[in-house]
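Quick note on labels: first sequence line is chain A, next is B, and so on, each numbered from 1.
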Amino acid sequence: MNASNTPTDFIRAAVEEDNHTNRFNGRVQTRFPPEPNGYLHIGHAKAISIDFGIAEDYNGICSLRFDDTNPTKEDVEYVDAIKFDIRWLGFDWDEREFYASDYFDQLYEFALILIKKEKAYVDDLSADEIREYRGTLTEPGRVSPFRNRSIAENLDLFERMKQGEFPDGSRVLRAKINMASGNINMRDPVMYRILHTPSHHRTGSKWCIYPMYDYAHGQSDSIEGVTHSLCSLEYEAHRPLYDWFLDELEIYHPRQIEFARLNLSFTVMSKRRLIRLVQEGFVKGWDDPRMPTIHGLRRRGFTRASIRNFLDLVGVAKNDSIIDIALLEHCLRNDLNKIATRKMAVLRPIKVIIDNFPEGLVEELDAINNPEDPQAGSRKILFTKELYIEQEDFCEVPPPKYYRLFPGNEVRLRYGYFITCTSVVKDPNTGQILEIHCTYDPTTRGGDAQDGRKVKSTIHWVSATHSLAAEVRLYDRLFLTEDPFELEEGQDFTANINTDSLEVLPACRMETSLKSAAAGDIFQFERLGYFNVDPDSTEIKLVFNRSVSLKDSWSRLASGGKK
RNA sequence: UGGGGGCUCGUCUAAUGGUAGGACAGCGGACUCUGACUCCGUAUGUAGAGGUUCGAAUCCUUUGCCCCCAGCCA
């Protein structure tokens with residue numbers, strides 16, 4: 001892709017520079033390093049796209065490496081889900097499925113080397129004491145009283161930590177760097193802690209000491225031969241430490257480069273917060289269609305093409321940013337417009353009776369499956385005397401610029417006939433409209449007027465007698481504010497949650513051709529949006545999710561241009 | 001007020017000393033058997049102040065604002 005000219009972002013520029021200077025002998029190797037402690041979200045998808053994308057652009061390879069150094073939080077359930085999502089996004093790590101835990105033995109050996117170099121020591125301070133000794137942002141830390149133990153004593157203690165002689169929290173192995181460093185990460189960071197967890201998902205009960213991220217990550221990169229270790233901005237301050245371990249160990253030294261993580265407006269993007277949405281019941285689960293998780297987006301109806309295109313448009317940079325979620329929605333519409341089969345569905349039905357249409361007659365009309373794709377062909381839809389149209393498409397007293405059905409007005413029923421509203425029947429008590437009566441022009445069959453007369457509007461419909469009942473779930477943004485962290489003093493981000501983000505419409509009507517729709521199938525319901533079949537569907541009741549609405553300049557106009 | 005990063009249309013992102021461009025969002029219009037799609041048009045931006053230079057988003061000085069770091073999380 002960039003073979004001929006300029007790189008498209010600063011990381012690719014750095015990779016090209018390294019290729020030109022032969023820093024890695026022209027080799028490009030990256031890795032995607034998730035911790036298997038939760039589900040992937042679209043922020044991870046950005047990292048995946050960068051890691052795999054750059055490797056691909058420069059004829060390199062990208063591995064999958066699980067950063068499984070904390071067994072108290074990790075589980076196989078997550079590794080399986082993560083692998084599924086990466087593949088679903090269309091990326092492939094071939095046989096390179098690695099685990100930081102694969103390197104526990106090697107990492108332990110490395111630690112021994114550092115102890116022998118007097119670059120690491122066992123500290124008996126408690127967690128609280130270590131925190132206290134660490135100092136603050138503006139004051140230097142103090143050295144631990146255990147900092148100058150002999151090599152032999154450190155070796156002995158570390159070995160016994162490994163053997164399980166000591167309880168959790170009683171001792172740690174720390175790097176001996178600089179307690180006065182302005183970079184707090186360099187103030188003798190912890191390398192190993194004792195964790196007598198029941199079992200690690202890969203190594204079982206073999207270990208009761210586990211390496212910290214900072215100690216494990218760079219060395220894992222080195223062992224694998226990674227050239228470019230790409231990560232997010234918050235690791236920038238960790239880079240000196242990343243480099244320090246590699247330099248002290250005198251082993252192969254990859255280059256860490258940091259980029260800004262993805263944020264989306266009207267949602268949150270951290271596992272810690274997403275898990276709260278799940279646990280506190282704001283959503284139904286990790287795969288709730290409102291969630292920015294890959295599981296959620298997929299259930300919502302997002303395609304891999306739309307997500308990958310979105311990620312390409314977002315780009316890669318170091319600016320903290322919040323991407324407008326409208327861009328994601330645009331990418332979905334853009335993809336689905338080309339591929340989604342059109343159907344007719346009425347979400348909020350109101351009955352229309354064509355008074356001059358023969359009782360009992362069922363007409364078959366042709367409907368185009370996808371105007372963007374002539375290959376998609378056409379289908380038959382059934383027209384009868386009684387129909388349903390959308391409540392929104394009728395108005396007894398129309399506002400200005402309202403082109404749809406109202407008393408005396410003629411509209412076209414999509415692929416059907418021109419109809420003119422003649423009267424309405426209301427509930428005498430509530431005033432609610434029960435039926436709309438119309439007449440049709442038999443010469444407009446299929447939707448074309450022989451005499452060339454025009455109507456301002458075409459509306460969708462289904463037969464009242466030949467249609468399917470279905471449930472449709474409408475989704476709105478999860479949060480009320482673009483930035484959920486815009487808060488009043490003392491408020492939690494959950495205060496900004498949009499409690500109306502889910503609307504269930506239980507009594508929708510669908511054209512009969514939808515009968516065979518299966519979970520995951522995606523359609524455009526004409527004039528409404530894109531919808532997919534939710535796995536909650538049963539033999540007797542289809543359930544659809546609205547993935548995204550169609551753009552609707554009328555509603556903008558009608559609402560006075562708000563929103 | 002220690003250390004590390006970052007400030008370009010509303011939101012993202014290009015331009016690497018030489019015409020500030022693109023996308024999304026917005027607005028206006030054309031087209032239309034989806035008020036969709038498509039097409040056309042249009043407004044809005046280099047954080048501030050100095051300096052270097054024929055020429056500065058880009059280089060220098062300085063000010064301001066924003067983000068990250070004080071887990072035995074990653």
Atom pairs, protein N/O to nucleotides 10-12 of chain B N/O, distance under 3.5 Å:
{"from": "B:rU11", "atom 1": "O3'", "to": "A:Ile322", "atom 2": "O", "distance (Å)": "3.3"}
{"from": "B:rU11", "atom 1": "O2'", "to": "A:Ile322", "atom 2": "O", "distance (Å)": "2.9"}
{"from": "B:rC12", "atom 1": "OP1", "to": "A:Ile322", "atom 2": "N", "distance (Å)": "3.0"}
{"from": "B:rC12", "atom 1": "O5'", "to": "A:Ile322", "atom 2": "O", "distance (Å)": "3.4"}
{"from": "B:rC12", "atom 1": "O2'", "to": "A:Val314", "atom 2": "O", "distance (Å)": "3.4"}

What pairs with A:Asp67 under salt bridge (charged side-chain N to carboxylate O under 4.0 Å, His left out), at least two apart in sequence or on another chain? none
Rounded to whole angstrom, note down the C1' distance from B:rU38 over to B:rC54. 46 Å
Please enumerate all protein N or O atoms sitting under 3.5 Å from an N or O of nucleotides 29-32 of chain B, with distances to 0.1 Å.
none

Could you tell me the separation between the CG atom of A:Asn178 and the P atom of B:rC69, rounded to a whole number of Å? 21 Å
Charged tip of A:Lys271 within 45° of A:Tyr39 ring normal and under 6.0 Å: no
Pull out every protein N or O sitting under 3.5 Å from an N or O of nucleotides 43-47 of chain B, one pair per line with the distance.
none

On RNA chain B, check which nucleotide each of A:Ser181 and A:Tyr402 is closest to and give me the residue with the more 5' one. A:Ser181
Please check the phosphate of B:rC24 (OP1 and OP2 only) for any side-chain N or O of A:His330 closer than 4.0 Å. yes
Mind checking A:Val316 for me? I need base, sugar-phosphate or nothing, with any heavy atom below 4.0 Å counting as a touch. sugar-phosphate
With sequence neighbours excluded, residues passing salt bridge (charged side-chain N to carboxylate O under 4.0 Å, His left out) with A:Glu165: A:Arg160
Review item, side-chain donor-acceptor pairs of residues 132-142 of chain A, under 3.5 Å, at least two apart:
{"from": "A:Thr136", "atom 1": "OG1", "to": "A:Thr138", "atom 2": "N", "distance (Å)": "3.3"}
{"from": "A:Thr136", "atom 1": "OG1", "to": "A:Glu139", "atom 2": "N", "distance (Å)": "3.1"}

Mind telling me if B:rG48 is syn or anti? Syn here is a glycosidic angle within 90° of 0. anti
When the distance from NZ of A:Lys551 to P of B:rC27 is rounded to whole Å, what number comes out? 10 Å
Atom pairs and distances, side-chain donor-acceptor, residues 311-327 of chain A, under 3.5 Å, sequence neighbours left out:
{"from": "A:Lys318", "atom 1": "NZ", "to": "A:Glu236", "atom 2": "OE2", "distance (Å)": "2.3"}
{"from": "A:Asp324", "atom 1": "OD1", "to": "A:Ala326", "atom 2": "N", "distance (Å)": "2.9"}

Measure CG/A:Asp373 against P/B:rA36 and give the value in whole Å, please. 21 Å
Presence of A:Arg342 side-chain N/O under 4.0 Å of B:rA36 phosphate oxygens OP1/OP2: no
Rounded off to whole Å, could you give me the CZ-to-P distance for the A:Arg404 and B:rU34 pair? 13 Å
Does A:Pro140 reach a base, just sugar-phosphate, or nothing at all? Heavy atoms under 4.0 Å. nothing
Pairs meeting criterion salt bridge (charged side-chain N to carboxylate O under 4.0 Å, His left out) with involvement of residues 185-197 of chain A, two or more places apart: A:Arg147-A:Asp188
Separation of B:rA25 atom P from A:Phe266 atom CZ, nearest Å, is 14 Å
Tabulated below should be each protein N or O lying under 3.5 Å from an N or O of nucleotides 70-74 of chain B; please produce it.
{"from": "B:rA70", "atom 1": "O2'", "to": "A:Arg134", "atom 2": "NE", "distance (Å)": "3.3"}
{"from": "B:rG71", "atom 1": "OP2", "to": "A:Arg131", "atom 2": "NE", "distance (Å)": "3.3"}
{"from": "B:rG71", "atom 1": "OP2", "to": "A:Arg134", "atom 2": "NH2", "distance (Å)": "3.1"}
{"from": "B:rC72", "atom 1": "OP1", "to": "A:Arg134", "atom 2": "NH2", "distance (Å)": "3.1"}
{"from": "B:rC72", "atom 1": "OP2", "to": "A:Arg134", "atom 2": "NH1", "distance (Å)": "3.0"}
{"from": "B:rC72", "atom 1": "N3", "to": "A:Gly169", "atom 2": "O", "distance (Å)": "3.4"}
{"from": "B:rC72", "atom 1": "N4", "to": "A:Leu125", "atom 2": "O", "distance (Å)": "3.0"}
{"from": "B:rC72", "atom 1": "N4", "to": "A:Ala127", "atom 2": "N", "distance (Å)": "3.0"}
{"from": "B:rC72", "atom 1": "N4", "to": "A:Gly169", "atom 2": "O", "distance (Å)": "3.0"}
{"from": "B:rC73", "atom 1": "OP2", "to": "A:Arg193", "atom 2": "NE", "distance (Å)": "3.0"}
{"from": "B:rC73", "atom 1": "OP2", "to": "A:Arg193", "atom 2": "NH2", "distance (Å)": "2.9"}
{"from": "B:rC73", "atom 1": "O3'", "to": "A:Arg193", "atom 2": "NH2", "distance (Å)": "3.1"}
{"from": "B:rC73", "atom 1": "O2'", "to": "A:Asn70", "atom 2": "ND2", "distance (Å)": "3.2"}
{"from": "B:rC73", "atom 1": "O2'", "to": "A:Lys73", "atom 2": "NZ", "distance (Å)": "3.4"}
{"from": "B:rA74", "atom 1": "OP1", "to": "A:Thr69", "atom 2": "OG1", "distance (Å)": "2.7"}
{"from": "B:rA74", "atom 1": "OP1", "to": "A:Arg193", "atom 2": "NH1", "distance (Å)": "3.3"}
{"from": "B:rA74", "atom 1": "OP1", "to": "A:Arg193", "atom 2": "NH2", "distance (Å)": "2.8"}
{"from": "B:rA74", "atom 1": "OP2", "to": "A:Tyr213", "atom 2": "N", "distance (Å)": "3.0"}
{"from": "B:rA74", "atom 1": "N6", "to": "A:His238", "atom 2": "NE2", "distance (Å)": "3.4"}
{"from": "B:rA74", "atom 1": "N3", "to": "A:Tyr235", "atom 2": "OH", "distance (Å)": "2.6"}

Could you tell me if the ring centre of A:Tyr440 sits under 6.0 Å from that of A:Tyr417? yes
For A:Gln524, which contact category applies under a 4.0 Å heavy-atom criterion: base, sugar-phosphate, or nothing? base
Would you measure the distance from the C1' atom in B:rG3 across to the matching atom in B:rC24 and give it in whole Å? 37 Å
Of the options B:rA14, B:rG3, B:rU38, whose atoms approach the side-chain atoms of A:Asn334 most closely? B:rU38
With side-chain hydrogen bond (donor to acceptor under 3.5 Å, both in side chains) as the test, pick out the partner of A:Asp68 among A:His201, A:Arg202, A:Lys73. A:His201
According to salt bridge (charged side-chain N to carboxylate O under 4.0 Å, His left out), who are the partners of A:Arg308, at least two apart in sequence or on a separate chain? none
So what does A:Lys456 touch, heavy atoms closer than 4.0 Å: a base, only the sugar-phosphate, or nothing? nothing
Rounded to the Å, how far apart are A:Arg412 CZ and B:rA36 P? 15 Å
Pair A:His460-A:Arg414, side-chain donor/acceptor within less than 3.5 Å: no
Measuring only the P atom in each nucleotide, how far is B:rC27 from B:rA36? A whole number of Å is fine. 12 Å
Are A:Tyr235 and A:Tyr213 near enough that their ring centres are under 6.0 Å apart? yes
List the residues meeting salt bridge (charged side-chain N to carboxylate O under 4.0 Å, His left out) with A:Glu35, not counting sequence neighbours, and say none if there are none. none
Considering only atom P, compute the distance from B:rC7 to B:rU16 and round it to an integer number of Å. 16 Å
For A:Leu550 and B:rG35, give me the distance from atom CG to atom C1', rounded to whole Å. 10 Å
Does a side-chain N or O of A:Arg187 approach OP1 or OP2 of B:rG3 to a distance below 4.0 Å, or not? no
So, for A:Met186 and A:Ser181, which heavy atoms are closest and what is the spacing to 0.1 Å? CB-OG, 3.6 Å
Compute the ring centroids of A:Phe110 and A:Phe245, then answer whether they are less than 6.0 Å apart. no
Please list all pairs passing the side-chain hydrogen bond (donor to acceptor under 3.5 Å, both in side chains) test where one or both residues lie in residues 374-383 of chain A, with sequence neighbours left out. A:Asp366-A:Lys380, A:Asn369-A:Arg379, A:Arg379-A:Glu511
Is there a side-chain contact between A:Ser553 and the phosphate of B:rA36, meaning an N or O under 4.0 Å from OP1 or OP2? yes
Parallel, tilted or perpendicular: which describes the rings of A:Tyr192 and A:Tyr215, with under 30° parallel and over 60° perpendicular? tilted
Can you tell me how far P of B:rU34 sits from CZ of A:Arg546, to the nearest Å? 20 Å
How would you label the contact of A:Phe259 with the nucleic acid (heavy atoms, under 4.0 Å): base, sugar-phosphate, or nothing? nothing
